Amino acid sequence: MRLSDLTDIPAPVQALEPAPAEGGADTRPDATAAARREFAVLLGEFRRTAVLVPIDPYGGLWSAHQGGVRWICAFSNEETLARFARTLEDAHRTWEYRTILGARLLDVLVPKLGVPAGVALDAGSEEGVLFPPVEGVVPASAVVDLGGGK
């Protein structure tokens, strides 16, 4: 997939919100509810932020496969991208990258890949975050069934 393939921008997906249990009351432990709220805030910030996405040698967006998911690698700034390049022992070359809105990555690119995909922000750093192909993060067409059933 090339950047030129990204022409249509669908309506954004709503941020992940903690779901109340049956009967309307949230019976999850406070720590779980707090973690869900924290992730929802982080997701909202990511969706509104332009990130750097390296370009691979074939002109596509840099990605990696892990755990059956294709992860698009995105970075919050040039310093974080440079640290990533050094971990790959590939800092000697010039890294071409594109600046792309987080929402565009999640709403447009992930569904077009046709495989389970998500975004890895600041891969290889302690501040790294994964935005997986689950409900509330990516459009319904790109959600992976985790087999949890209801």
Side-chain angles (χ1 to χ4, degrees), residues 1-3 5-56 60-88 95-150:
M1 169 107 8
R2 298 194 180 274
L3 290 174
D5 295 332
L6 303 178
T7 56
D8 299 322
I9 303 176
V13 176
Q14 291 186 348
L16 183 64
E17 294 289 335
E22 283 188 38
D26 188 351
T27 59
R28 284 185 279 245
D30 289 340
T32 301
R36 287 181 179 272
R37 285 190 299 274
E38 184 179 325
F39 182 77
V41 168
L42 186 61
L43 176 61
E45 289 174 11
F46 174 74
R47 294 180 66 72
R48 293 183 298 274
T49 301
V51 294
L52 311 179
V53 182
I55 303 302
D56 70 19
L61 301 180
W62 186 279
S63 65
H65 288 79
Q66 178 68 34
V69 176
R70 182 173 178 186
W71 296 99
I72 300 166
C73 296
F75 298 89
S76 54
N77 55 56
E78 289 180 340
E79 293 79 23
T80 307
L81 174 56
R83 281 194 304 271
F84 177 75
R86 283 192 295 276
T87 65
L88 298 178
W95 280 61
E96 182 181 348
Y97 62 84
R98 298 288 183 264
T99 303
I100 304 173
L101 193 62
R104 189 168 177 89
L105 284 173
L106 294 172
D107 296 344
V108 178
L109 183 60
V110 166
K112 285 190 176 190
L113 292 177
V115 297
V119 176
L121 178 64
D122 294 337
S125 76
E126 290 185 24
E127 298 80 29
V129 179
L130 296 177
F131 296 101
V134 296
E135 185 176 344
V137 176
V138 298
S141 64
V143 168
V144 174
D145 179 10
L146 300 177
K150 290 190 179 189

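The shown structure was predicted, so the numbers you read here are calculated from the model rather than taken from an experiment.
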Kindly write out the residues that satisfy salt bridge (Lys or Arg N to Asp or Glu O under 4.0 Å) with Glu96, not counting sequence neighbours, or none if the list is empty.
Arg98

Looking at every non-hydrogen atom in both residues, tell me the closest pair between [X] and [Y] and how far apart they are.
X: Leu121; Y: Ser76; value: CD1-N, 4.0 Å
X: Thr49; Y: Glu45; value: OG1-O, 2.6 Å
X: Leu43; Y: Gly136; value: CD2-O, 3.3 Å
X: Trp71; Y: Pro133; value: CH2-CD, 4.4 Å
X: Pro132; Y: Val137; value: O-CG1, 3.2 Å
X: Leu105; Y: Ala74; value: CD1-CB, 4.2 Å

Is there a side-chain contact between [X] and [Y] in this structure, where contact means two heavy atoms from C-beta onward sitting under 4.5 Å apart?
X: Arg83; Y: Thr80; value: yes
X: Val51; Y: Thr99; value: no
X: Tyr97; Y: Val53; value: no
X: Asp107; Y: Arg47; value: yes
X: Leu61; Y: Leu109; value: yes

Show me the side-chain donor-acceptor pairs of residues 123-130 shorter than 3.5 Å, one per line, residues at least two apart or across chains.
{"from": "Ser125", "atom 1": "OG", "to": "Asp122", "atom 2": "O", "distance (Å)": "2.8"}
{"from": "Ser125", "atom 1": "OG", "to": "Glu127", "atom 2": "N", "distance (Å)": "3.3"}
{"from": "Ser125", "atom 1": "OG", "to": "Gly128", "atom 2": "N", "distance (Å)": "3.2"}

Working to the nearest 0.5 angstrom, can you tell me the gap between Leu52 CG and Cys73 SG?
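Reported value, rounded in 0.5 Å steps: 12.5 Å.
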
Test Pro116 against every option in Val143, Val144, Val110 by the side chain to side chain contact (heavy atoms under 4.5 Å, CB included) rule and name the one that passes.
Val144

By ring-ring contact (aromatic ring centres under 6.0 Å, His included), which residues pair with Phe46, not counting sequence neighbours?
Phe131

